[in-house]
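Heads up: the structure comes next, in structure tokens.
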Amino acid sequence: MLKEASQYDAKLMEQKIQKFWDEIDAYSKVREFRKNGKKFFFVDGPPYTTGRIHLGTAWNKIIKDSILRYKSMNGFNILDRAGWDMHGLPIEVKVEGVLGFRSKKDIEKYGVGNFIAKCKEFALTHRDEMTLQFKNLGVWLNWKDPYMTLRDEYIEAAWWTLKQAHEKKLLEKGLRVVNWCPRCETAIAESEVEYAEETDPSVYIKFQLKGEEDTSIVIWTTTPWTIPANIAVAVHPSFEYVKVRAVKEDKEEILIMAAQLMQNVLKQGRYKNYEILETMPGEDMKIEYEHPLRDKVPQQKAFKHNVYLADFVTAENTGCVHIAPGHGIDDFELGVKNNLPIFCPVGPDGRYTEEAGEYKGMHVRDANETVLDDLSGKGLLLARGTISHRYGHCWRCKTPIIYLATEQWFLKVTEIKDRMLDEIRKVRWYPEWAGSARFADWVTGSRDWCISRQRYWGIPVPVWICESCGEIEVIGTMQELMERSGKPSLDDLHRPNVDSIFIKCRCGERMKRVPDVFDVWFDSAVASWATLRFPRDEKTIKEWWPADFITEGHDQTRGWFYSQLGASMIAFGKAPYRSVLMHGFTLDTEGKKMSKSLGNVVTPEEVVSRYGAESLRLYVLSQNAPWEDLKFSWDEVANVHRMLNILWNVYRFPLPYMILDNFNPFDVKEVPEGLRLEDKWILSRVQSLIKQVDAAMSEYNLHKATRPISEFVLEDLSRWYVQLIRPRTWREANDPDKLAAYYTLYEVLVTVTKLISPFAPHISEEMYQNLVRNVNPDAPASLHMCDWVTPDEKFIDLELEKRMDTVREIVEASSNARQKLKRKLRWPVKRIVVVPVKDEVASAVKSLESVLKEQTNAREIILLKSGETWEELGVEVLPVHAALGPAFKKEAGKVLAELKTVDGRALKKAIEEEGSFRLKEWTITKDMVGFRDSIPPAIAQAAFSSGEVFVDTELTREIESEGYAREVIRRLQDMRKELDLAVEEEIEALVEIRNDKVLELVSELKEFISGEVRAASLVLGSDVEIQGDLVKDWDVEDVRMRMAIKGTVKTS
RNA sequence: GGGCCCGUAGCUUAGCCAGGUGGAGCGUUCGGCUGAUAACCGAGAGGUCCUGCGUUCAAAUCGCAGCGGGCCCA
């Protein structure tokens, strides 16, 4: 049996549904139900387990959930383990914060094992919290068996992959300049560098040429602490450089710099006069210079310092670039190319080493001043100032990063770049440019991937090195490690456990693991096979891999899209995904990034607590194209909520009637014969809607799938169809016409329920449970187990859809016209006249005349021929003064006065037929007058896109009678409502009308009124003793009325 | 500095691929409706389509340059 529904309470309903899903384990049931379907492998981009989810993560999971629900209903067998990214520096930093640690030494003191345990606990706790948050959004993924990067089986996937790299000679240990956080004492990835404004020194330094103390080449830098490591100067081969004799305080010196920057440099150095001695292109510069601090940094005496050519030199500052191959990426590459020493006198803690001579032990952060003072003392500082620029910081601890040349492990992805680009072309990208433009561009410019980090909480790099012969071995699995080390069991592959495992080298000596852990990006890079438990399980990967679909934000272009592709190319030689949907970012209303510091963060919880998860879901899905950034707007969420409320009301409205009538949709075996045209129309519309949703979903255009559903619910279903069928539902007898309406509305509601279910899974489930399950216990237990709807062409009638559009336009135009004469819709009008300009209008009006009559509340519809003028329109005469004046001279005034009173239609007819008109003693000719249709006072006109409509509001006794009767009915209904009476309950009503004429008019329709308001007794009079459960005074069109109603026993 | 995306009413947006009188919703003003009712419907006002230049008979739409925002990189 159907049940009545109460008002829409999103939160209550969502909690109820989520509880229901839990109780019957709906997720597992649905996946199990589809297990013989076509396989669809989805890999969840793993969120990082720190803190709470934000709007962007919510959006991300909502997209995934909606698409998977859609795929499932379409019969796919889905594999969708949720994923968690649980290693890495961010968690280490959080744990360090909790424990009050400031450096790696504190961790070592505390014990690596203890520290790892804390990190693990942190990750697991946050995973649980975040799982709950996602579930509250109604997101269905495999939460019971998620993949977690901290599991041994996952670590093995990473190990195995590295072993492949090693075997394919794509793993390399090398000295590279990396971004280095001196606090965390580790290399950090490009993606872990956060840029922020920083004030730094901006200094011009003179490097004296060897053997020419008076002559210097001028360089500029913002990092004076790198000067002790200077090895070379770079100039641009095609820039012009000048040798200038410059004078300051009566001292002369010779300076070398780029010609176009000379003025600026001399100004900076406050030189008064100058003279250009020589001009040369960069490529002709053969210069050797002395290191400015060679007395402080003795090692520098052993190096030669020369000028080299480089394209990366820009025409800024001096045009001569200070090169420290140990402290810059370009510098390093230039050094390698020219066989320069990679001199890096700075240790991992950011302090100068022994090699820095007198600077030893000083932190580079404090060194700038000292170095500048030393240079100044030697007279080598040309100018010093400060500059505010963007500088990289460690994204976790906010420490300014430095560049350091260190020994790191690299994946040589640059060697397989071409194949990666080939693979990108094979993947389907949504939108297309995400792959062809954005991703391809990023891959083209990518460098070798530094995968090692000098930290603790991560997947240990499975490289063992012989302490004696230096032989390298990469371990691929736990089993292999046990075999090689002779350990019978291993329980956890993290540090410090693995640090104490040694294996035996071929040379007979001991091999020890390198101390590094992986860059976390390598963890998630192997997700597509780690989630299939490869290499532990070798069978599943054959059945499922590669992934059919992944979707993440556009920041993941250089992140997960890239890391996965790189790792997969190394491991399997092909892309790990077949299709990728790139989505946008959530921004605030201004289009600015949401950030704590700006205080503009909106959390998913806030939205859910105000409007429910369903509103948030449908909002993020429908607001934008998925790949565009989403500017969050509370108003728009409220709007979506409103739509859901209307859907709910449309669902709720027929229930009491259907229940009262014992309507059982399953008794209706076939489409009832008595369907009205409006029924056929809405059935056609809903079928067309299915097509529209399917077309949009085939391109993952979630916005184009969801918007038409909302529009259908609001425009077609609520604002039109429900309004049309209301009178039918009120009929009491067992009327086939009513049944047809029930049948139709029921069909439409069930279809809409399915259509909206991937996007709004709660409200649709609730509706389904009542509409379908309560009537048919054999139906699938959950809506999400139902098959997707397929459009049934036999119901589609586009011609009818078009006609109905026309009729709706006419109805709108007629309400517009009514408004002009302030005639309420409650008051019938004698007739409306439709004047089409297109022929289609006629067929629409004819076939849907009953709809038109009812919705316009018109007694009669008159349809004219296309282009015909309605004969009852008057004709207004527009005198042409320029013609009348000369023709009648002094009498023109009189003629004008006459023209105002003349019968315009007769005048027009005469002019048209005979060319002139006899107006008293004057002859009016064609050139003297113009004409315009004039609308009689009781008639109002309004246009619609394919014609115009006239509404005749002339009152008749009968119309007035009905008008007043309806005024009385409306007020009695209002009072019923106020007493909260049930629909079927009968009342006793008393109405006192202190106006004899109106009383008489109303009394004529006493029976009608009683019927409409379900009155067992109705008393109408001019002096009635008023009493009842509710008494009210009303002012009806300036007539005072007093009404009372009393509820009686239910007639049941 | 480079790549990609975005810029349309006070707000959120459709239209742009394929050039031809810019449509909605929210908000606002006015009116209506009342057996979905803490709902609902109609109308009015509100636009330098980011700016400039170009192509064209015709540009929100195509091209170029610039400005602003986002992501990524340097």
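Below, chain A is the first sequence line, B the second, and so on; all start at residue 1.
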| said: Quick check for you: among B:A74, B:A38, B:U13, whose closest atom lies nearest to any side-chain atom of A:Arg447? | reply: B:A74
| query | Rounded to whole angstroms, how far apart are OH on A:Tyr619 and P on B:G25? | reply | 18 Å
| task | Round to a whole Å and report the spacing from CG of A:Asp635 to P of B:U13. | result | 12 Å
| request: Assess whether one donor atom and one acceptor atom, taken from the side chain of A:Glu636 and the base of B:G25, lie less than 3.5 Å apart. | output: yes
| side-chain N/O A:Gln7 vs B:A38 OP1/OP2, d < 4.0 Å | yes
| request: Rounded to whole angstrom, note down the P distance from B:G22 over to B:U13. | output: 22 Å
| query | Mind checking the P distance from B:G54 to B:G47? Whole angstroms is fine. | reply | 27 Å
| Do the charged groups of A:Arg447 and A:Glu333 touch, with an N to O distance under 4.0 Å? | yes
| field | Length of the line joining A:Asp441:CG and B:A74:P, which is rounded to integer Å | value | 12 Å
| note | The residue, A:Asp629 or A:Met582, whose nearest nucleotide of RNA chain B is more 5′ is A:Met582
| said: Going by purine N1 to pyrimidine N3 plus the second Watson-Crick contact, or the G-U wobble pair, all under 3.5 Å, which nucleotide sits opposite B:C64? | reply: B:G52
| query | How far, in whole Å, is B:G20 from B:C11 if one measures between their C1' atoms? | reply | 30 Å
| message | Does A:Thr444 reach a base, just sugar-phosphate, or nothing at all? Heavy atoms under 4.0 Å. | response | nothing
| request: Measure from OH on A:Tyr8 to P on B:C40 and round the result to the nearest Å. | output: 14 Å
| message | Between B:C33 and B:A45, how many Å separate the two P atoms, rounded to a whole number? | response | 23 Å
| task | Could you tell me whether A:Phe663 and A:Tyr657 have their ring centroids closer than 6.0 angstrom? | result | no
| task | With RNA chain B as reference, determine whether A:Leu647 or A:Asp330 sits nearer its 5' end, using the nearest nucleotide of each. | result | A:Leu647
| B:G70 and B:C26, which share atom name P, separated by this distance in whole Å | 30 Å
| query | Considering all heavy atoms of both residues, which atom of A:Ser615 and which atom of A:Val640 are nearest to each other, and what is their separation? | reply | O-CG1, 3.6 Å
| query | Is A:Arg642 near enough to B:C26 that one of its side-chain N or O atoms lies under 4.0 angstrom from OP1 or OP2? | reply | yes
| query | Using the P atom in both, what is the distance from B:G66 to B:G1, to the nearest Å? | reply | 10 Å
| Are any of A:Asn624's side-chain N or O atoms less than 4.0 Å away from OP1 or OP2 of B:U13? | yes
| query | What does B:C4 pair with, Watson-Crick or G-U, if both distances are under 3.5 Å? | reply | B:G70
| message | I want to check one thing: is the phosphate of B:A24, taken as OP1 and OP2, less than 4.0 Å away from some side-chain N or O of A:Arg707? | response | no
| What orientation do A:Tyr562 and A:Trp449 show, parallel under 30°, tilted 30 to 60°, or perpendicular over 60°? | tilted
| Rounded P spacing from B:G10 to B:U56 in Å | 34 Å
| request: Record whether the side chain of A:Arg438 comes under 3.5 Å of the base of B:C72 through a donor-acceptor pair of N or O atoms. | output: no
| message | Using the side-chain heavy atoms of A:Trp433, tell me which of these nucleotides is nearest: B:C72, B:G25, B:C5. | response | B:C5
| field | Integer-rounded Å distance: B:C26 P and A:Glu711 CD | value | 12 Å
| Same-atom distance (C1') from B:G19 to B:C49, integer angstrom | 15 Å
| query | Atom CH2 of A:Trp442 and atom C1' of B:G2: how far apart are they, to the nearest Å? | reply | 13 Å
| message | Are A:Trp627 and A:Tyr430 an aromatic pair, judged by ring center distance below 6.0 Å? | response | no
| query | Should B:G23 form a Watson-Crick or G-U wobble pair with both distances under 3.5 Å, which nucleotide is its partner? | reply | B:U13
| message | A side-chain contact here means heavy atoms from C-beta on lying under 4.5 Å apart; do A:Ile709 and A:Phe759 qualify? | response | yes
| query | Can a cation-pi geometry be assigned to A:Arg610 and A:Trp634, taking NZ or CZ under 6.0 Å from the six-membered ring centre and within 45° of the ring axis? | reply | yes
| query | Closest to the A:Asn649 side chain: B:A39, B:G15, B:C72? | reply | B:A39
| field | Value in whole Å for how far the P atom of B:A24 lies from CD of A:Glu715 | value | 10 Å
| field | Sugar-phosphate, base or nothing in reach of A:Glu628, heavy atoms under 4.0 Å | value | sugar-phosphate
| query | In whole Å, what is the span from the NZ atom of A:Lys631 to the P atom of B:C71? | reply | 14 Å
| message | Any strand counts, and the cut-off is 3.5 Å on both contacts for Watson-Crick or G-U wobble. Which nucleotide pairs with B:G42? | response | B:C30
